[in-house]
Structure formats: C-alpha cells, structure tokens
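To start, the structure itself, in structure tokens.
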Amino acid sequence: MSFPLNPEQQEAVHSTKGPLLIIAGAGSGKTRVITQRVVHLLKQGLDPRNILALTFTNKAAKEMRERIGEDIGGKQARGLTLLTFHSFGMQILQHNAKLLGYSSGFSIYDTVDGMSCLKESAAELKWSADFNTLKQAQSVISRIKTERSDWDEESLPFKALYEEYHRHLKAYNAFDFDDLICKPVRLWAEHPEVLERCRQRYQCVMVDEFQDTSIMQYRMLRQLVSVHRNICCVGDDDQSIYSWRGANFENIRLFETDFPERKEIRLERNYRSTETILDAANAVIRHNQYRKDKNLRPAEESKPEKQDSLIICHFPETDEDEARFVCDTIRKLRSLERVKYDEIGILVRTNGLMRTLESHLLEARMPYVVSGGQSFFQRAEIKDLIAYLRVLQNPDDDVSLLRIINKPNRRIGPKSVEKLRSLAHIRSWSIYETMRDMVMNKDARHPELAESCADFVMLLEELRPQFMSAPSPEVSLSALTKSLIEEIDYWDFLLQQFAERPEGAKRRFDTMQSFCEMLKRWEGYEGRTERTLKSWLARISLITRDDLDDEAEGKISLSTIHAAKGLEFDLVLLCGVEEGLLPHFRSQEEHAYDEEEERRLFYVAVTRAKRWLYLTSCGSRTKNGKQVECQASPFLDEIPTRLTGAEHELSEEDSENMLEQALANLPWLRDSEQD
DNA sequence: GAGTTCTACTTTTTT
DNA sequence: AGTAGAACTC
C-alpha cells in the first residue's frame, strides 16, 4: 500500500475548505485518504484541537489514530478529537449534564439494561406486557430516537411507555445508546451557547463510513458545521449494511442538497482485489437499483505478478461437510500458495453458523479468532461486576442496583425488592437511598427488611469513598476492584450457581480476573490523563464488541460479515450462501429496500477478498438442533459464470506439491519462519 | 426466600 | 443444543 496517492486521492487530501463528499468504493484506499487528509491539515498548521474526526467503531478510531501517529508522530496529533459518534455524544453530555438535569457520573444502558428499565416502566403503567411486546416497544422507541420514523399508528400506542421510560432513565441518571446522539442534538438546539462553543472549537469535521449515519447523526453534523461548512464525509452507499440500526444511506443525497457547493470525489480504483473478484462484485451490486452508479476497477499499478484465480463455488451436503471443506481448503492454500493464517477470513451471515466451523478448526488445530458475537462486556459476570462499579459511581442507578442486590444471596428476594420499590416510589427516592435511609435510621417499621439490607448498604458505604478517591499513589482501581470481588465472595456465588460444572465457574471467574487486568493496563497507560472510576466506566460502556483484538496475529479470522467490514484477506471463505440466510429470511418480509441491503452484505463479503474467494452453500444444515433443507442463494447466480469454477478434486500434481511443501515445512528442515 | 424442574425459544446484523 | 425464565416444591 505504499503507492503514491493517485490523482483522485491527491485531490481529496488537498481539498480542505468547504464541504467535500468522497465516494470511496471498497478497497480504494479510503482510510489512507482520511488519515493523509488529517496529516495534511496538521502540516498546514491547523491546531489539532480544531479537528474532529468521527467513526462508527472503536476499532476504526483506534486504527486511524495509529496511522496518523505513524505518519506525523503522536505528539503532533495530540489534542485531535478522534472518536466514535457515540463517544463524542457522551463527551458532550458529560460536559453539560447539569443542563439536562443529570449529573456527570451518569450510567449508559445497553440494550439489556434498557430492557429492564423498560420493563419497570411498563409495570409502573400497570401494563402487563409480554416480552415480545416490550421488544417491539424497544425498537419503536429506538426508531423514534434515531428519527427513522415519526409517531404513527404503529408507534403511538407506545407513546405513554416512551415517556415513562425516559422518566425512569432520568431518575436513574442514565442514558441509553440512542440518547448519546439525540440528547446532544436537543441540547444544542436549546442551548445555543453550547453549540457555539463546539462550532468554535471544531473548525474542521471529518466523517468516516458516512453511509452508516442515522438521520439524527446527520442532524448533529449539520448543526455543527452549518456555519463554517468545513465537512468532509467519506462513504460508500454500496457498503451500507446497518440500516436496521438506523443507518440511512440517503444521507449521501441529503448531503448533496444541503451542501450544494460541495466538491465530490470518487475513488474507484481498487488496490485490493484481483480483477475476477472485482468483476464479480460489480456484477452483483449492479442489481441494486437505489445506488450511486459506480464501477470498481483495478488500479493500474496493482501487481501483475499475481495470477487471477477463479471464484470457487462449492456445494457441500451438510454444514459439517462445509466446515471440513473450509479446513481442507485452508490447508491446501497454505501449502500450495503459502497463504498465511492471518490472511484468511471465514465469513458468515449469522453468529449461529460459527459453532460448527469453530469445532472443526479446533479439531484441525488451526489457530483462529472470532470477531463479532457476544462481547466480553455482555457476559453476565462482567455485567455484574460493572453493575457494582456503576452503583458506586451512580447510586441512583436502580437498574444496576437491582441487578446485584441479591448477588450473591443476601436474602433480598423479589418480595423485598417489591417492598423497597414501593417505598422508594412513595418518596421519589432511588432504591439505594431508600435502603440507606432504612438502615441508617434503624427504621422500626420494616425491621427484617432493614436487617437484610444492612450488610449490602454498609458494604457500599464503605467502598464508595475508596473508589471515589482512587486512584491514589497507594491504591489503584484495579486493586480495589479485585478486593471488591473478594469482598462479595463472587467465587463462592459462582460455585453455588455452577454446582454441577465447576469449570464453568472457573471460566467465569477468570473472565472477571481479565477484566481487572484490562483495567490495570488501562490505568497503567502513561498517556492517560484521567484514571477515575468515572472515566473507566465511560470508556467501557461504549465497547460492545471486543475491539481489543490483541492477538489476531497469525490467526484465521472467523467473523460475521458485518464485523468484517473494513477488513481484507488474501483468502475469503464465505459460508452459508443460502436462501434464507443470505438474503436472510427476516429481511424478505419487510421493505423492498431490504433485499438490496442483503445484496450489499454479499457485496461487502465478496470485496473483502484479495486473491481467492470461496463460496459455499449447503444442501442441508443443522439449525437449532434440527436438520433443515437449504437452497443456494439467488445472489450466486448474479456472478457471471465465466468467473466461477467448481472445486475440483486435488490433482495428482497438487497432492505431490502439497506433500513437498509439507516436507519442506517440517521444523528441522525449515529455514524461514512463516506465520 | 431458595432450590428444583420444566418449558420455550433463540440470534441477523451492533453502537 | 443450550439457556433463560416460569412454575413448582421445600
């Protein structure tokens, strides 16, 4: 990737005034352009404090920060604001919490926390809502808050619940994910002086993955830059795969109308993939109607020494065969083409498909990492631990408090909780305040309740000052957290819970230990300015996936297509290219647009491949324990047949080559290390 | 209030 | 298949 910038890229980097829209096809060196542009701005003498760069994932932010650091040195980039949209929103809220009637130690609720809050709100309204209705309510509320839809017949019945939910959030001093965007927008509208300060500061704004912005995020941007209009958005409508969480790729068109004076640059030279793969990708995406027309073409400079391989479509009988085929292919290409493990990506549409693949990789002793899937921070034991920390930071957080009130068992069961709740309600206090008052004032009316709450209250009262004054030279947060785990004897609690399977308890306990290790590393990081509990909580509440993929080196990536966006591999194996999976059947019921999104997903998967692309589609697969018949995905037919080949049996020559390679690889003969 | 057994259903994707 | 929640028993 050390080619000089091509003319379009040059232009993008050097256009620093006024609105700029960069349509960047897959593999067109987008990240490089953004980082170079930042570097260029800095070299022009712009104060890094005046630059705001927004991304969608922590991973992207991290990568960009590293690349800028490499180019210009971290020191010169200090003060640069390079954040995810959500972190940016959170920062604004932290600085202005008071104006919204919050305090700055607020909690941030993920979907699960939000659901418990919603449940309580429903109970408050005497709704006997079942889980599915609540799920629906949650998605309606989110749609409203991202401005995907307005109140209509479908959502209106939930309006009372919506309001109650927000009353609860506020009482708990908590925000949900969507609040991190929509509250700052409202804050700016109601307090122009706050907006003005931001405008003054951020003279130059850049947005990555612009096609993933929601309408609310777009409004946020527009508010921010409407005066100086120095905004650069980089995106690719063909890679918009997040509309289910509010992404609105039409924002690209909105941008064109709102900023008629914009400059528009297209990056269509692809530095990543072989011509075969590009042809396939172009052919597929052409079937989409709602898109900006573009065509990826190979960059002239790109490597003629690499020969083009056909795209292999393979149709195994079952998912077991598919997994076996994946392992065989990896073995073969490693041997014949010397593909390295970390240049291999196995992509799937749904997390559910990973299990079989994983077990075969394990059996074949192939090193791999999974990205996507349940995050470290969503595991029950970690959520418990975080709930403790949150309650210490923010005692009004009833949701977190209730999560741990009886973990480990303190004889505060549903009955007691109900009582506490009604007492709290009467006085409009938080549950913690209610408990504390009861214990401290030896409430004679509820002796048993006060009795059972006493230890818990005393524990928290004792811990809070310690945590609040940490870190001090003597005590670190991580040490405190470790002792917290001891104090509550979580280990014992786990043993009880996993009486039958002590390994399960062990695993969970280890997870908690690694949480402490992470905290320790975070604390130890020298560039850190704030090491308080508050900032740690803020930091981790926006990490949903493990962006901390430390040890991906030398390992195969097993990933959902969504999680693979932005990555590239020499060899991509896309599994489960089946009707109902890709396109996913849930998408077929709804809008016509959704078929296009599924196609974009397929397109994203295809364009991850640099040299070899394998697509598999099974005759049947095990789903939820039962064997289900499968049909090949219609998307497969959109790849011109001249580009595809069926997988052939290994020829004699291949086998010989493989044997030869294997021998050459024997440790005592090998002279050069690989992987 | 805690522990046990049974049922139902899950996940499409993630900040 | 595995888990979470509900119902049921002590």
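We name chains A, B, ... by the order of the sequence lines, and we start the count at 1 in each one.
- Between B/dT14 and A/Thr560, a contact under 4.0 Å exists linking OP1 or OP2 to a side-chain N or O.
- Applying the 3.5 Å distance criterion, the base of B/dT13 shares a donor-acceptor pair with the side chain of A/Arg349.
- A/Leu180 approaches A/Pro184 most closely through the heavy-atom pair O-CG, 3.1 Å.
- With sequence neighbours excluded, no residue forms a side-chain hydrogen bond (donor to acceptor under 3.5 Å, both in side chains) with A/Asp455.
- Rounded to a whole Å, the CD1 atom of A/Ile241 is 9 Å from the P atom of B/dT14.
- A/His562 has no side-chain polar atom (N or O) that falls below the 4.0 Å cut-off from OP1 or OP2 of B/dT13.
- Residue A/Asn351 places none of its side-chain N or O atoms closer than 4.0 Å to OP1 or OP2 of B/dT12.
- One interatomic measurement links the two molecules: CZ of A/Arg355 to P of B/dT10, which rounds to 16 Å at whole-angstrom precision.
- When rounded to the nearest whole Å, the span between OH of A/Tyr603 and P of B/dT13 equals 23 Å.
- Straight-line distance from the CG atom of A/Leu581 to the P atom of B/dT11: 15 Å, rounded to whole Å.
- Within 4.0 Å of A/Thr111, counting heavy atoms only, lies at least one base atom of the nucleic acid.
- Across the protein-nucleic acid pair, A/Tyr109 atom OH and B/dT14 atom C1' stand 20 Å apart, rounded to whole Å.
- Atoms NZ (A/Lys383) and P (C/dA4) sit 13 Å apart, rounded to a whole Å.
- Scanning atom types as modelled, one donor and one acceptor separated by under 3.5 angstrom connect the side chain of A/Trp244 and the base of B/dT13.
- For A/Phe456, there are no ring pair (Phe, Tyr, Trp, His ring centres under 6.0 Å) partners two or more places apart in sequence or in a different chain.
- Taking the six-membered ring where the residue is Trp, the centroids of A/Tyr172 and A/Phe106 are separated by 6.0 Å or more.
- By the side-chain hydrogen bond (donor to acceptor under 3.5 Å, both in side chains) test, A/Asp398 is found to be paired with no residue, residues two or more places apart in sequence or in another chain being considered.
- A/Gln138 places its CD atom 13 Å from the C1' atom of B/dT14, with the value rounded to the nearest Å.
- With sequence neighbours excluded, no residue satisfies side-chain hydrogen bond (donor to acceptor under 3.5 Å, both in side chains) with A/Ser116.
- Spacing of C1' atoms, C/dG5 relative to B/dT12, comes out at 23 Å, to the nearest Å.
- The CZ-P distance, from A/Arg403 to C/dG5, rounds to 10 Å in whole Å.
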Return the polar atom pairs (N/O with N/O) between nucleotides 2-4 of chain B and the protein under 3.5 Å, or none.
residue : atom : partner  : partner atom : Å
B/dA2   : OP1  : A/Arg411 : N            : 3.3
B/dA2   : OP2  : A/Asn406 : ND2          : 3.4

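- Partners of A/Lys383 under the side-chain hydrogen bond (donor to acceptor under 3.5 Å, both in side chains) rule, at least two apart in sequence or in another chain, are A/Asp110, A/Asp113.
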